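Beneath this line is the structure, given in structure tokens, with notes to follow.
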Amino acid sequence: MRILSIETSCDETAVALLSFSDTGGSVACQVLGEKLYSQAEKHAAYGGVYPNLAKREHQHNLPHLTHDLLQELNLLSDDPSVLCTDEMASWCDRDQDLFNTAKELFEKKAVHGIDRIAVTRGPGLSPALWVGINAAKLYAALWNIPIIPINHMEGHIVAALLSRDKCLITPAYPLLALLVSGGHTQLVLSESANKYQILGGTVDDAAGEAFDKVARLLGLPYPGGPEIARLAKEARKRDLTSSVSLPRPMSKDETYNVSFAGLKTAVRTVAEKTAFSEDEKKALARELEDAVTETLLAKLQRAIEAYHPRSVVLSGGVAANEHVRTAVKTLVQSYPSVDYYQPTARQATDNAVMIGVAAYRRQNVTDNPANLTADPNLSLAT
Ligand code: KG4
Ligand code: ZN
């Protein structure tokens, strides 16, 4: 089974081709090719993701990335019968550039060796998601390939279930997932594959958002997470500690919710009064990393004690953070009966491989692809 997967929920335009083979008991997953273009630099001027810019970038880049991928893998050939129709054009009335670019690249081209198209349906930025959905619909119609719509957060969870030797891991259930990204922070309980219950989440800013917003206050470029991690690492090496102590909001209450907006407010209050020295910025980055990590750990530990999961997954863009990774891994490994999974740092942030893996596990082909819609608020809860 070969799956072409598409991810455009935020500011990464990503497409991948995965090949799965069930070798009696274990499933091997080979990434035949992957193209990922990060728009981060383009959004840096706005200090965060600007949805309409994301949409414009996806529209132009996604067909080109798809074309490069398929071309490099030698999967395209000439076929005069492959034509764009008025109906296809009508799906893209708000994504004209996508339609025109796809038409230019793919009309009169047949594709070989693709069994399914997987695409992120939500959650995410509506204009950005729609580009992926419309591209999937175009490809599906041009080449007569079924579509599997995917929840982006499920993609993050299963990104951790791809082993180093490229096999799909079948985790023991119940599985508890700590999802920490720029748009979401959630603790999710999964009693069995494809079944999810949201135990709690952020009541305001997501963990990645806290990193991004504090980074901005410190004059660091977007996305702030990797910058904060870099400064914090230096502060740890030189044992720099901040004169500012940030709150660990809601870490002692009875819920599984967290709140990170107070971190940015606390930093802003100090920033308005004093200019930070370079060393103080590093120390503050360390304090921020500690505050976010300790808050996450408190909630994760509460959930482990209450639900006795057999597996724990850490994922989402913030799971690329070394300090968070080490702290969460150490906590989970203190429970010997619990298996721990985290994606590689590269697969923690948005990518298309995770969407393809989720699609293989789901195999839920959509009945009526022409009616497929994006859902910016799509929930994991089932
Ligand atoms: O999962 P993701 O790529 O996109 C969303 O679905 O939101 O997560 C992006 C978030 C950004 O907020 C970014 O600053 C954060 O992940 N991030 C990090 C690191 N790398 C990315 N945060 C902390 N440390 C990192 N090393
Ligand atoms: Zn994400």
Side-chain angles (χ1 to χ4, degrees), residues 5-14 36-41 43-44 46-49 51 54 58 120-125 128-129 132 150-160 177-186 188 201-202 205-218 220-236 260-261 263-264 285-293 295-296 313-328 342-355 357-358 376-378 380:
S5 55
I6 299 168
E7 158 61 41
T8 64
S9 67
C10 193
D11 60 346
E12 322 285 346
T13 315
L36 188 144
Y37 171 73
S38 173
Q39 306 167 5
E41 274 184 21
H43 294 279
Y46 303 92
V49 181
H58 288 313
T120 302
R121 206 181 151 225
L125 302 171
L129 288 165
I150 291 299
N151 183 308
H152 180 80
M153 303 313 288
E154 182 169 85
H156 275 306
I157 294 177
V158 303
L178 175 59
L179 299 177
V180 277
S181 71
H184 289 82
T185 297
Q186 286 181 336
V188 177
T202 182
D205 291 353
E209 207 176 345
F211 279 106
D212 295 339
K213 287 181 174 171
V214 171
R216 201 173 176 200
L217 290 168
L218 299 183
L220 302 168
Y222 172 85
E227 293 293 320
I228 293 282
R230 191 173 56 78
L231 297 193
K233 193 171 179 179
E234 216 187 307
R236 282 179 213 287
F260 289 122
L263 299 174
K264 146 203 83 190
R286 175 186 183 178
E287 171 67 6
L288 174 67
E289 225 177 44
D290 284 343
V292 170
T293 308
T295 308
L296 293 174
V313 162
L314 168 72
S315 198
V318 178
N321 181 288
E322 275 299 323
H323 186 71
V324 174
R325 289 167 83 82
T326 308
V328 173
Q342 64 188 10
T344 60
R346 189 173 185 282
Q347 265 162 15
T349 51
D350 288 352
N351 64 85
V353 171
M354 69 187 201
I355 303 305
V357 172
N377 300 313
L378 187 64
L380 256 187

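Numbering of ligands and ligand atoms starts at 1, following listing order. Owing to the predicted nature of the structure, the values given are computational and were not obtained by experimental measurement. All values below come from the heavy atoms of this structure, side chains included, with hydrogens, waters and symmetry mates left out.
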**OP:** Do me a favour and list the nearest non-hydrogen protein atom to atom 24 (N) of ligand 1 with residue, atom name and distance?
**Re:**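 Heavy-atom neighbour on the protein nearest atom 24 (N) of ligand 1: Asn321 ND2, 3.0 Å.
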
**OP:** Report the nearest protein non-hydrogen atom to atom 3 (O) of ligand 1: residue, atom name, distance rounded to 0.1 Å.
**Re:**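 For atom 3 (O) of ligand 1, the nearest protein heavy atom is Asp350 N, 2.9 Å.
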
With a 4.0 Å cut-off on heavy atoms, does [X] reach ligand 1?
| X | result |
| --- | --- |
| Cys10 | no |
| Glu289 | no |
| Glu12 | no |

Original post:
Is Glu227 paired with Arg230 through a side-chain N to carboxylate O contact shorter than 4.0 Å?
Top reply: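 A salt bridge is present here (some side-chain N lies under 4.0 Å from a carboxylate O).
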
Flag, side chain of [X] to backbone of [Y], donor-acceptor distance under 3.5 Å:
| X | Y | value |
| --- | --- | --- |
| Arg325 | Pro343 | yes |
| His58 | Cys10 | yes |
| Thr8 | Ala128 | yes |
| Thr202 | Thr185 | no |

May I ask which of [options] has a heavy atom nearer to [atom] than the others do?
| atom | options | value |
| --- | --- | --- |
| atom 1 (O) of ligand 1 | Gly317, Ala215, Gly224 | Gly317 |
| atom 23 (C) of ligand 1 | Ser181, Gly225, Pro223 | Gly225 |
| atom 10 (C) of ligand 1 | Ser38, Ala159, Gly182 | Gly182 |

Could you measure the distance from the [atom1] atom of [X] to the [atom2] atom of [Y]? Nearest 0.5 Å is fine.
| X | Y | atom1 | atom2 | result |
| --- | --- | --- | --- | --- |
| Ile355 | Glu7 | CD1 | CD | 5.0 Å |
| Leu296 | Phe260 | CG | CZ | 4.5 Å |
| His156 | Leu314 | NE2 | CG | 11.0 Å |
| Asn321 | Ile228 | CG | CD1 | 10.0 Å |

Original post:
Around the Zn ion (ligand 2), how many protein N, O or S atoms are there at under 2.8 Å?
Top reply: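 If we list every protein N, O or S atom nearer than 2.8 Å to the Zn ion (ligand 2), we get 3.
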
Original post:
With only distance considered, is Asp212 within less than 3.5 Å of ligand 1 through an N or O on each side?
Top reply: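 Checking ligand 1 against Asp212, an N or O pair does fall under 3.5 Å apart.
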
Original post:
When only distance counts, is Gly208 in polar contact with ligand 1, meaning an N/O pair under 3.5 Å?
Top reply: yes

Report, in ascending order of atom number, the atoms of ligand 1 lying under 4.0 Å from any heavy atom of [X].
| X | value |
| --- | --- |
| Ala320 | 20 (N), 26 (N) |
| His156 | 1 (O), 6 (O) |
| Pro226 | 14 (O), 19 (C), 20 (N), 21 (C), 25 (C), 26 (N) |
| Gly183 | 7 (O) |

**OP:** Check whether any side-chain heavy atom of Lys264 lies under 4.5 Å from a side-chain heavy atom of Leu217, and answer yes or no.
**Re:** yes

Original post:
At under 4.0 Å between heavy atoms, which part of His152 makes contact with ligand 1: side chain, backbone, both or neither?
Top reply: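 Side chain only; the backbone of His152 stays clear of ligand 1.
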
Original post:
So does Arg216 have more than 12 non-hydrogen atoms from other groups sitting under 6.0 Å from CZ?
Top reply: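 Open: at most 12 neighbouring heavy atoms sit under 6.0 Å from CZ of Arg216.
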
**OP:** Identify the heavy atoms of Ser5 and Val353 that sit nearest to each other, and give their distance.
**Re:**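 Closest pair (atom of Ser5, atom of Val353, distance): OG-N, 4.4 Å.
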
Subject >> Ala232 to Glu289 - nearest heavy-atom pair and separation >> reply: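 Heavy atoms of Ala232 and Glu289 come nearest at CB-OE1, 3.4 Å.
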
